[in-house]
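Down below is the structure, laid out as structure tokens.
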Protein chains: 2
Amino acid sequence: MLSKKTQYALRALSFLAARHDQGPVLITEIAEQKKIPVKFLENILLELKNADILDSKKGRGGGYFLKEAPHKTSLARVMRIVEGPIALLPCVSLYFYQKCADCTEDVCPINGVFIQVRDATLKVLESKTLEDIQEMTLEAIDFSI
Amino acid sequence: MLSKKTQYALRALSFLAARHDQGPVLITEIAEQKKIPVKFLENILLELKNADILDSKKGRGGGYFLKEAPHKTSLARVMRIVEGPIALLPCVSLYFYQKCADCTEDVCPINGVFIQVRDATLKVLESKTLEDIQEMTLEAIDFSI
DNA sequence: AAATATCCTACTAAACTTGTAGACTATTTA
DNA sequence: TAAATAGTCTACAAGTTTAGTAGGATATTT
């Protein structure tokens with residue numbers, strides 16, 4: 001299960017993606033709209049900024065905004081920043097690899113399955129971007145259908 | 001990431017799968033071979049027994065053994081018992097469903113992706129069984145190749 | 001200078017993880 | 001039938017992580 005932190009991050013980014021190119025958005029506005037504790041969200045957005053997903057502006061008229069167009073940021077990238085490894089075993093992780101204690105990997109009967117799980121998961125999370133989880137805005141809905 | 005508990009469970013089952021139909025195996029033997037703390041392993045095996053994955057025999061000549069043939073038990077089933085939900089979001093879990101706080105699911109822009117992740121993961125974990133993670137035994141290796 | 005809004009570090013309570021302890025029950029063997 | 005064997009079960013405890021809070025520092029605008 002994803003931590004609350006990661007869920008909050010995704011919701012906030014979903015909101016910011018919908019507002020892309022419309023100027024900075026206040027933390028307080030995101031927090032209110034997405035029902036996220038303000039101070040917690042502060043930490044999360046700062047972390048995403050330090051990881052180059054977001055950018056920000058201080059002072060009046062300031063706020064947070066996506067650093068790049070929504071389709072440029074994959075969900076895998078976001079999740080690695082806030083959640084950590086995507087793989088289910090340390091010895092099978094691409095970005096957070098750690099040798100399993102007492103596991104002779106070349107003979108390990110278990111890691112093969114979890115390489116398959118990892119690849120199946122990444123196939124989705126690397127291809128989906130913030131554009132795909134963009135919050136629906138009223139303007140975006142085609143009422144003519 | 002899977003908890004140590006789940007990793008231990010899989011390793012123990014991998015060992016028991018290789019010994020299927022060869023009579024009960026002592027907890028202490030599994031613990032020693034797989035480098036798992038004995039008392040911790042006790043709890044895990046008991047849980048697997050209560051969930052009908054394992055069966056046991058008390059007293060001399062006793063121990064644990066698979067209740068069914070290795071290919072009958074999927075990894076998904078094991079993981080749901082010891083780890084809990086396989087899905088990454090509660091609102092997308094098949095066996096541990098919970099409504100997301102403040103999430104209007106029919107409009108939620110996020111859960112669609114995690115349904116895809118869930119299905120991709122389950123495609124592997126439901127099809128792989130204890131037979132697939134069975135520990136290699138010397139007898140099973142074909143030296144004639 | 002005052003107001004606004006992000007930046008940053010540190011702290012805390014609660015929950016979960018990873019074990020451990022010890023007494024109890026069932027089975028086998030001498 | 002007593003002793004030894006081996007699983008059963010509940011409770012506890014230390015360590016770690018999660019989720020959230022506090023409050024001052026810094027940058028920008030008016």
Side-chain angles (χ1 to χ4, degrees), chain A residues 1-12 16 23-32 34-67 79 81-85 88 90 96 98 100-102, chain B residues 1-12 16 23-32 34-67 79 81-85 88 90 96 98 100-102:
Chain A
M1 285 278 182
L2 299 182
S3 63
K4 284 274 185 189
K5 186 181 166 190
T6 302
Q7 294 181 41
Y8 290 159
L10 292 173
R11 285 207 224 168
L16 286 172
V25 182
L26 291 180
I27 296 178
T28 49
E29 187 185 351
I30 306 171
E32 196 181 324
K34 293 300 192 173
K35 316 267 187 192
I36 304 171
V38 189
K39 291 297 280 181
F40 197 15
L41 183 58
E42 252 184 44
N43 295 333
I44 296 168
L45 296 183
L46 187 57
E47 192 173 354
L48 288 171
K49 183 201 161 147
N50 290 333
D52 282 328
I53 302 281
L54 295 179
D55 206 345
S56 66
K57 208 168 161 262
K58 285 182 177 179
R60 187 177 185 130
Y64 275 100
F65 49 94
L66 296 188
K67 191 159 187 174
M79 286 178 54
I81 292 164
V82 288
E83 182 81 16
L88 294 180
F96 299 84
Q98 270 186 287
C100 281
D102 315 306
Chain B
M1 284 278 182
L2 298 182
S3 63
K4 285 273 184 188
K5 187 181 165 190
T6 303
Q7 294 181 40
Y8 290 158
L10 292 173
R11 285 205 222 168
L16 286 173
V25 182
L26 292 180
I27 296 179
T28 50
E29 188 185 351
I30 306 172
E32 196 180 324
K34 292 299 190 174
K35 317 266 188 193
I36 304 170
V38 190
K39 290 296 280 182
F40 198 14
L41 183 58
E42 254 184 40
N43 294 333
I44 296 168
L45 296 182
L46 186 57
E47 191 173 353
L48 289 170
K49 182 199 163 153
N50 290 333
D52 282 327
I53 301 280
L54 295 178
D55 205 347
S56 66
K57 208 168 161 261
K58 286 183 176 178
R60 183 171 189 135
Y64 275 100
F65 49 94
L66 297 188
K67 191 159 187 174
M79 286 178 54
I81 291 164
V82 287
E83 182 81 16
L88 294 180
F96 299 85
Q98 269 185 285
C100 281
D102 314 308

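Only a predicted model underlies this, so the values are computations on that prediction, with no experimental measurement involved. Chain naming here is simple, since letters A, B, ... match the order of the sequence lines and numbering starts at 1 in each.
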| Is the distance from OP1 or OP2 of C/dC8 to the nearest side-chain N or O of A/Asn50 less than 4.0 Å? | yes

| request: Would you please confirm or rule out a distance under 4.0 Å between OP1 or OP2 of D/dG23 and any side-chain N or O of A/Lys39? | output: no

| query | Just wondering, more than 12 heavy atoms not from A/Glu29 lying within 6.0 Å of its CD? | reply | yes

| D/dG20 base to A/Lys5 side chain: any donor-acceptor pair below 3.5 Å? | no

| So does A/Asn43 reach the base of C/dT6 with its side chain, donor to acceptor, closer than 3.5 Å? | no

| remark: Smallest heavy-atom separation, B/Leu26 atom then B/Gly62 atom, equals CD2-O, 3.6 Å

| message | Classify B/Leu45 by what it touches in the nucleic acid, base, sugar-phosphate, or nothing, heavy-atom distance under 4.0 Å. | response | nothing

| query | Between D/dG20 atom C1' and A/Phe40 atom CZ, what is the distance in whole Å? | reply | 6 Å

| Under the criterion side chain to side chain contact (heavy atoms under 4.5 Å, CB included), which of B/Ile53, B/Asn43, B/Leu16 is the partner of B/Leu48? | B/Ile53

| said: side chain to side chain contact (heavy atoms under 4.5 Å, CB included), that's the test. Do A/Phe65 and A/Val25 meet it? Break it down for me. | reply: CA-CA 6 Å; A/Phe65 49 94; A/Val25 182; 6.0 Å; no

| request: Mind calculating the distance between NZ (B/Lys57) and C1' (D/dA4) to the nearest angstrom? | output: 15 Å

| task | From the options D/dA19, D/dT28, D/dC9, select the nucleotide whose nearest atom is closest to the side chain of A/Lys4. | result | D/dA19

| query | When the distance from CD of A/Glu47 to P of D/dA19 is rounded to whole Å, what number comes out? | reply | 13 Å

| Quick one: B/Leu46 CG to C/dA21 C1', roughly how many Å, whole number? | 16 Å

| task | Rounded off to whole Å, could you give me the CZ-to-C1' distance for the A/Phe65 and C/dT6 pair? | result | 12 Å

| Closest-nucleotide 5' rank along DNA chain D - winner of A/Glu42 and A/Gly61 | A/Glu42

| query | OP1, OP2 of C/dG19 versus side-chain N and O of B/Tyr8: anything below 4.0 Å? | reply | yes

| query | Roughly how many Å is it from CZ in B/Arg60 to C1' in D/dT5, rounded to a whole number? | reply | 8 Å

| task | Whole angstrom is fine here: how far is it from CD1 in B/Ile44 over to P in D/dC9? | result | 16 Å

| task | Could you state the atom-to-atom distance from CG of A/Leu16 to C1' of C/dT6 in whole Å? | result | 14 Å

| message | Less than 4.5 Å apart, side chain to side chain, heavy atoms only: is that true for A/Leu2 and A/Met79? | response | yes

